[in-house]
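Sequence lines set the chain letters: A, B, ... in the order given, protein chains first and strands last, and positions in each chain run from 1. Keep in mind that the numbers below use all heavy atoms, side chains included, and drop hydrogens, waters and symmetry copies. On a predicted model such as this, the values are computed, not experimentally measured, just so you know.
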Amino acid sequence: MSNGNNSESGESRPSNFIRDAVIDDLKTKKFGEATIQTRFPPEPNGYLHIGHAKSICLNFGLAAEFGGKTNLRFDDTNPEKEEQEYVDSITQDVHWLGFNWDGLHYASDYFDQLCDWAVKLIGDGKAYVDDLSADEIRKHRGTLTEPGKDSPFRNRDAKENLNLFERMRKGEFPDGSRVLRAKIDMASPNLNMRDPVMYRILRADHHRTGSKWCIYPMYDFAHGQSDSIERVTHSVCTLEFEDHRPLYNWFIQQLGIFPSQQMEFDRLNLTFTLLSKRKLLKLVQEKYVSGWDDPRMPTLSGVRRRGYTPQSIRNFCGAIGVSKTNGTLDLAMLEHFVREDLNKRAPRVMAVLRPLKVVIDNFPDAEVDQVDAINNPEDESAGKRTVPFSKVLYIEQDDFREVPPKQYYRLSPGREVRLRYGYFITAQSVVKNEKGDVVEVHCTYDPATRGGNSPDGRKVKSTIHWVSSAHAVDAEVRLYDKLFTVEDPDRTEEGHDFTANLNPNSLEVISQAKLEPSLASAMNGEKYQFERLGYFCVDPDSKVGNLVFNRTVALKDSWARVQKRS
RNA sequence: UGGGCCGUCGACUAAUGGUAGGUCAAGUGCCUUUGGAGCACUUUGUCUAGGUUCGAAUCCUAGCGGCCCAGCCA
């Protein structure tokens with residue numbers, strides 16, 4: 001059996017170890033009669049990317065399947081890196097992906113409660129104020145192989161600690177001069193348990209609480225308790241937090257609060273792409289890309305602008321599975337799901353990126369023939385449109401070869417091809433410029449083949465797209481390629497970082513593409529298939545009269561494979 | 001090197017002691033008014049060595065390999 005659960009409807013759903021655990025917990029009523037509660041907890045210090053989409057789909061998907069709820073919670077405990085711009089983009093991106101949260105929370109909503117809990121732990125002798133500097137604390141922590149040493153301040157009594165902590169909160173001490181630490185075990189083989197810092201003194205304006213606080217809780221002292229406050233049953237996070245789980249549990253246990261349960265799964269990695277906020281931020285700040293929403297970025301705002309649909313990303317996330325194996329997914333997998341979705345929904349149009357003029361010598365000079373074209377062969381309800389056909393047309397430069405290579409089926413002297421939805425034409429002669437490049441092809445057409453079929457049953461090997469010269473609409477088209485030239489952008493020679501692997505040709509701008517006239521009023525965000533070329537969408541930079549399209553993804557190209565083989 | 005986690009087709013992921021299956025990629029053929037889409041077929045896999053068992057990808061032991069941890073980041 002390839003799936004964990006065949007429901008009565010016959011629908012089957014791929015399972016994973018987290019979903020299995022949820023099913024089991026529900027069966028054993030581990031959390032009582034209540035159903036599950038999940039959460040998506042981003043830190044608002046950057047834009048969401050495809051990797052976050054996996055977590056979002058997991059958290060919201062789990063709750064949706066079992067009738068539970070999902071909160072969006074901002075883990076905003078480090079004001080130095082966090083901004084309102086990021087919370088705005090994150091809420092927008094989660095919505096765009098297609099999810100609606102139940103509760104919208106901020107760790108900063110819990111600062112008072114967290115502070116009270118810190119006081120309780122101090123009173124219980126489970127936390128102490130340490131006057132050691134950051135540097136000294138590091139030295140006392142020991143190493144991977146050697147145990148740590150107790151701080152000289154570890155055995156202060158509760159009363160003194162209470163007093164000191166209160167004064168920390170009131171702002172009596174300078175930044176970094178003291179911290180509050182949990183009193184656990186300086187010899188623990190798990191470094192996270194060697195008296196972790198709970199609070200630090202930090203005078204930084206917080207995007208929500210302003211200057212109210214000058215002490216801020218660390219992730220470890222905020223995350224589990226925030227989960228607990230929200231009665232999160234299954235707190236899923238990525239693998240690097242596995243070592244934090246004992247600490248997560250320790251705080252919950254000491255405090256005697258709702259036992260949220262942390263479970264870890266593998267982070268998404270993709271070939272040819274970087275999914276690290278820090279590195280993406282560098283690309284933005286150092287202007288290797290135009291912004292967080294540059295269509296080459298793996299951010300949700302980037303892929304949205306690129307033309308990816310939320311459905312395609314959800315399908316992708318559902319298909320890639322959830323495990324604890326550390327692997328790297330083939331970017332082709334993502335592209336497959338984008339093509340699959342766009343194939344169903346994108347109307348077909350004709351557009352010529354690199355125009356070559358074709359003159360049909362025997363076609364009447366002034367005649368315009370409106371030919372019928374099908375909008376989407378995958379969707380009959382998309383209907384039909386007409387496209388103007390006339391004596392002078394543009395075809396793709398690639399679709400004509402004066403000397404055709406082997407297996408080249410397109411237009412060449414003496415060969416007949418079909419102009420899609422138009423007529424059969426045969427190339428007769430060429431006009432060249434002074435450099436010897438073909439700049440014009442003269443053809444004849446067969447009037448009997450209107451619509452694309454020959455009454456005598458004659459076949460042609462190839463069908464090519466075209467645009468009527470007199471009716472064409474000009475547009476800028478931006479072609480994107482991989483941002484990095486190598487599968488693993490982090491793999492570099494000594495002394496270089498990932499920017500050394502940037503693809504210098506990741507953006508190609510075509511300024512004067514020729515589009516069929518139906519595209520003249522195309523609106524921002526609209527998605528099309530340019531026949532034989534790929535999927536394209538209207539960029540926000542686009543204006544009527546000054547159209548801009550982004551190539552989302554090219555169509556699969558078996559001619560390219562033939563060429564590569566020979 | 002102490003601790004934690006993980007090793008299944010090229011990639012991702014199932015098989016929960018009982019037929020190693022699916023998706024992507026690759027390839028072959030069919031079909032085609034997109035060299036698109038679709039359809040059919042094909043190739044390749046349980047890290048190694050022992051052990052337990054009627055039976056092991058699954059359990060045990062030992063190796064080997066990978067990832068994470070020594071922030072007052074998350």
Side-chain angles (χ1 to χ4, degrees), chain A residues 1-4 14-17 20 41-43 45 75-78 80-82 130 132-134 137-139 141-148 175-181 188-194 197-202 216 218-220 222-223 237-246 264 266-268 271 277-278 319-337 339-340 343-344 348 350 373-374 377-378 407-410 418-422 451-453 460-465 529-534 554-562:
Chain A
M1 243 193 328
S2 63
N3 56 68
S15 199
N16 60 63
F17 75 101
D20 292 345
E43 183 191 11
N45 67 341
D75 240 334
D76 55 348
T77 55
N78 183 8
E80 288 185 305
K81 290 187 176 170
E82 298 154 6
D130 196 343
L132 254 26
S133 70
I137 286 181
R138 177 162 18 88
K139 284 178 183 140
R141 186 153 31 228
T143 68
L144 295 179
T145 51
E146 307 155 43
D175 285 9
S177 59
R178 286 180 164 84
V179 291
L180 182 69
R181 292 230 254 171
S188 172
N190 180 348
L191 300 242
N192 293 118
M193 300 300 272
R194 318 241 264 229
V197 172
M198 295 161 61
Y199 270 94
R200 74 277 208 183
I201 304 173
L202 181 62
Y216 289 95
M218 300 289 290
Y219 165 86
D220 285 306
H223 197 93
C237 62
T238 43
L239 249 23
E240 68 269 26
F241 291 101
E242 263 172 334
D243 289 341
H244 293 247
R245 193 181 343 128
E264 311 85 9
D266 60 335
R267 192 180 264 284
L268 171 67
T271 54
K277 279 191 200 168
R278 204 196 92 238
I320 60 178
V322 176
S323 72
K324 302 183 80 148
T325 322
N326 228 304
T328 303
L329 234 78
D330 194 335
L331 183 60
M333 183 84 97
L334 210 212
E335 293 182 337
H336 163 79
F337 283 96
R339 289 194 187 97
E340 181 188 65
N343 179 48
K344 279 182 285 195
R348 273 59 169 172
M350 291 196 285
I374 293 165
E378 305 291 317
Q407 295 182 78
Y408 183 85
Y409 304 145
R410 286 114 94 149
R418 172 169 38 236
L419 292 177
R420 178 142 234 228
Y421 302 124
N453 279 309
V460 289
K461 271 267 197 186
S462 161
T463 300
I464 64 179
H465 60 277
Q529 184 193 103
F530 290 0
E531 294 221 30
R532 301 208 302 135
L533 297 176
L555 254 29
K556 283 207 273 188
D557 184 353
S558 41
W559 168 239
R561 279 212 304 274
V562 171

- [ ] Classify every nucleotide of nucleotides 68-74 of chain B by which part a protein heavy atom approaches to under 4.0 Å, writing B for the base, S for the sugar-phosphate alone and - for neither, in 5'-to-3' order.
- [x] BBBSBSB
Open item on the list: I need the CG-P distance between A/L331 and B/C12, as an integer number of Å.
Closed with: 14 Å
Give each protein N/O atom lying under 3.5 Å from an N/O atom of nucleotides 41-47 of chain B, with the pair distance.
none

- [ ] Can you tell me which stems involve RNA chain B, if a stem is defined as three or more consecutive Watson-Crick or G-U wobble pairs, both distances under 3.5 Å?
- [x] B:2-7 with B:64-69, B:10-13 with B:21-24, B:26-30 with B:38-42, B:47-51 with B:59-63
- [ ] Measure from the ring center of A/Y409 to the ring center of A/W559 and say whether it is less than 6.0 Å.
- [x] no
- [ ] Would you mind reading off the distance between A/D266 atom CG and B/G7 atom C1', rounded to a whole angstrom?
- [x] 13 Å
Task: Residue whose nearest RNA chain B nucleotide is more 5′ - A/R348 or A/L329 - done: A/L329
Open item on the list: On the nucleotide B/U13, are OP1 or OP2 found under 4.0 Å from the side-chain N or O atoms that A/S323 carries?
Closed with: yes
Task: Rounded P spacing from B/C54 to B/A25 in Å - done: 45 Å
Task: Under 3.5 Å donor-acceptor pair, A/R410 side-chain atoms to B/G35 base atoms - done: yes
Task: Closest-nucleotide ordering on RNA chain B, the 5'-leading residue of A/T328 and A/F17 - done: A/T328
Open item on the list: So A/E378, base contact, sugar-phosphate only, or nothing? Heavy-atom distance under 4.0 Å.
Closed with: base
Task: Partner set under ring pair (Phe, Tyr, Trp, His ring centres under 6.0 Å) for A/H465, not counting sequence neighbours - done: none
Open item on the list: Can you tell whether the side chains of A/R181 and A/D130 come within less than 4.0 Å, N to carboxylate O?
Closed with: yes
- [ ] Indicate, with a heavy-atom threshold strictly under 4.0 Å, whether A/S558 touches base, sugar-phosphate, or nothing.
- [x] sugar-phosphate
For nucleotides 25-32 of chain B, print each protein N/O atom paired with a nucleotide N/O atom at under 3.5 Å, atom names and distance only.
from: B/G27; atom 1: OP2; to: A/R561; atom 2: NE; distance (Å): 3.0

TODO: Go through the structure and list residues passing side chain to side chain contact (heavy atoms under 4.5 Å, CB included) with A/P246, not counting sequence neighbours.
DONE: A/N190, A/M193
Task: Reference residue A/N45; test side chain to side chain donor-acceptor pair (under 3.5 Å); the match among A/E80, A/K81, A/K277 - done: A/K277
TODO: Specify the separation, in whole Å, of atom CD of A/E146 and atom C1' of B/G3.
DONE: 14 Å
- [ ] Quick one: label A/E335 by what it contacts on the DNA or RNA (base, sugar-phosphate, nothing), any heavy atom closer than 4.0 Å.
- [x] nothing
Open item on the list: Syn or anti for B/G71, given that syn means the glycosidic angle lies within 90° of 0?
Closed with: syn
TODO: Take atom CD1 of A/I320 and atom P of B/A11, then tell me their distance rounded to the nearest Å.
DONE: 16 Å
